[in-house]
Amino acid sequence: MESFTEDTLFTITSYLTSHDIVNFALTCKYLGGKPGGVNTDNNKKKTKRRKKNNTANAESSKERQWSLMEEMAKRRVEDIKKDTNWQEKWRGTDVYKLTSRTGNESWIRVDNCIQKMISELVFSRLDDGLTYVKRDPSHLQMKRNNEFSSSREGSAMCQDVMKEGIHYALLTVTKRGCIRAGIYDVQTEKSWGRGNIASTNGEGNALICSAIRPVGTVIGLLLDFEEDKLQIYVDGEIKHQYENQFVGRHFRGRCQLHIEEAGI
């Protein structure tokens, strides 16, 4: 254990999810406790030995106000945000604001947000009618007492552009309301907030599948460029299918929520 340093721990952490980091932090006070915590008789000897063998670690802990595992999450956040390609993709979007730590917010929470941006469907741009739930980039709801839209409507769009291959996404309704889900043609985009909303004939190839949905409803979207089709599912059943109008075009995922209690 004498050679176990923070650099070693960071290497291990790089293979973990944010939830794994939380579980790892719960294994002992050394990993999950804040510096300067109460030192019991049972762990005094262990703490002294660690300080002796890991002087650099001890000096580092004096400078931070968070746990060692939070420090690992902080380092991972900083490394990712140094990536030029990552910055070019996300800077200037609404979701990018969630990647900065505010107040006493946990670095693990910030790391979890960035990991979702990398691996999951997240909504990167919101209009004034929507907000993120608990700073979670994959969870949206209408703003309460929405002053910006008399129709109580909000739109959100994903960052990734779909040009080829097969793409599938699931949206789970968390608050009852009118949920619209579909895709948006970015090549004809002029005003993403309301532009090119599709009707049932597929004109504009944008939002479809609009209805009042109860909590727990799962909406699925399958965009298949290989078969040139778009399918919309509701609780596993195909509700809409469009064909022969997608190859050669570029799309983003998009959704709209209506009335105050809607959320996904």
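Hydrophobic clustering of Ile, Leu, Val, Met, Phe, Trp and Tyr side chains at less than 4.5 Å, counting indirect connections, keeps Val215 apart from Met142. Tracing side-chain contacts under 4.5 Å through hydrophobic residues (I, L, V, M, F, W, Y), one never reaches Val247 starting from Val161; they form parts of separate clusters.
Judged by the 6.0 Å distance and 45° axis criteria, Arg252 is not positioned over the aromatic ring of Tyr184. The cationic atom of Lys97 (NZ for Lys, CZ for Arg) does not lie both less than 6.0 Å from the six-membered ring centre of Tyr132 and within 45° of the ring axis.
Interatomic distance, Leu31 CG to Leu9 CG, rounded to the nearest 0.5 Å: 6.0 Å. Glu227 contributes atom CD, which lies 4.5 Å from atom CG of Asp224 (distance to the nearest 0.5 angstrom). Taking NE2 of His240 as the start and CG of Leu230 as the end, the distance is 10.0 Å to the nearest 0.5 Å. For the atom pair OG (Ser119) and CD1 (Ile114), the distance works out to 11.5 Å, reported to the nearest 0.5 Å. Note that the CD atom of Gln115 and the OG1 atom of Thr17 stand 8.5 Å from one another [nearest 0.5 Å]. One distance of note links CG of Leu140 with NZ of Lys175; it measures 11.5 Å at 0.5 Å rounding.
The two residues Phe24 and Met69 make their nearest non-hydrogen contact at CD2-CE, 3.4 Å. When all heavy atoms are compared, the tightest approach of Thr99 to Tyr96 is OG1-O, 2.6 Å. Nearest heavy atom pair, residue Leu98 against residue Cys113, reads CB-SG, 3.6 Å. Shortest non-hydrogen contact noted between Cys158 and Ser124 is C-OG, 3.5 Å. The two residues Val122 and Trp90 have their closest heavy-atom pair at CG2-CH2, 3.7 Å. Contact between Leu126 and Ala156 at its shortest, heavy atoms only, is CD2-CB, 3.5 Å.
Counting only residues at least two apart or in different chains, salt bridge (charged side-chain N to carboxylate O under 4.0 Å, His left out) contacts with residues 101-114 comprise Arg76-Asp111, Glu105-Arg109, Glu105-Arg135. A salt bridge (charged side-chain N to carboxylate O under 4.0 Å, His left out) check over residues 154-164, counting only residues at least two apart or in different chains, returns the pairs Lys89-Asp160. Listed by first and then second residue, the salt bridge (charged side-chain N to carboxylate O under 4.0 Å, His left out) pairs that reach into residues 112-123 are Lys116-Asp136, sequence neighbours excluded.
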Trace of the side-chain hydrogen bond (donor to acceptor under 3.5 Å, both in side chains) decision for Gln241 with Glu243: CA-CA 7 Å; Gln241 179 163 312; Glu243 299 176 341; 2.5 Å; yes
Working for side-chain contact (heavy atoms from CB on, under 4.5 Å), residues Thr174 and His139: CA-CA 9 Å; Thr174 58; His139 191 181; 3.3 Å; yes
Apply the test side-chain contact (heavy atoms from CB on, under 4.5 Å) to residues Trp86 and Ile118: give CA-CA distance (whole Å), side-chain angles for both, the deciding distance (0.1 Å), then the verdict. CA-CA 9 Å; Trp86 189 89; Ile118 293 173; 4.2 Å; yes
May I have the step-by-step check of side-chain contact (heavy atoms from CB on, under 4.5 Å) for Ile232 and Ile238, ending in yes or no? CA-CA 6 Å; Ile232 306 294; Ile238 297 177; over 6 Å; no
Which is it for Leu170 and Ile219 under the side-chain contact (heavy atoms from CB on, under 4.5 Å) test, yes or no, and what are the steps along the way? CA-CA 6 Å; Leu170 293 175; Ile219 301 173; over 6 Å; no
Let me see the working for Glu71 and Trp107 under side-chain hydrogen bond (donor to acceptor under 3.5 Å, both in side chains), right down to the final yes or no. CA-CA 7 Å; Glu71 176 66 19; Trp107 279 107; over 6 Å; no
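Here the side chains of Phe246 and Leu223 are in contact, with some heavy-atom distance below 4.5 Å. Side-chain contact between Ile166 and Glu226: present, with at least one pair of heavy atoms (C-beta onward) separated by less than 4.5 Å. Contact annotation: the side chain of Thr217 never approaches that of Thr172 to less than 4.5 Å [non-hydrogen atoms, C-beta and beyond]. Between Cys255 and Phe123, some side-chain heavy-atom pair lies under the 4.5 Å cut-off.
For Asn104, the CG atom is loosely surrounded, since the number of other residues' heavy atoms within 6.0 Å does not exceed 12.
Of the possible polar contacts, one joining the Asp235 side chain to the Val218 backbone as a donor-acceptor pair under 3.5 Å is found. Under a 3.5 Å cut-off, the side chain of Asn112 and the backbone N or O of Ser18 do not form any donor-acceptor pair.
Between Phe225 and His167, the angle of the ring planes goes over 60°, which puts this pair in the perpendicular group of the 30/60° scheme. Between Tyr168 and Tyr233, the ring planes are perpendicular. Angles over 60° get that label, and only those under 30° would be called parallel.
In summary, of the residues considered (Lys81, Arg75, Lys82, Lys74), a salt bridge (charged side-chain N to carboxylate O under 4.0 Å, His left out) with Glu78 occurs for Lys74 alone.
Salt bridge absent: Asp94 and Arg125 never bring a charged side-chain N and a carboxylate O closer than 4.0 Å.
Side-chain atoms of Tyr242 and Gln231 form no donor-acceptor pair, as typed in the model, at a separation below 3.5 Å.
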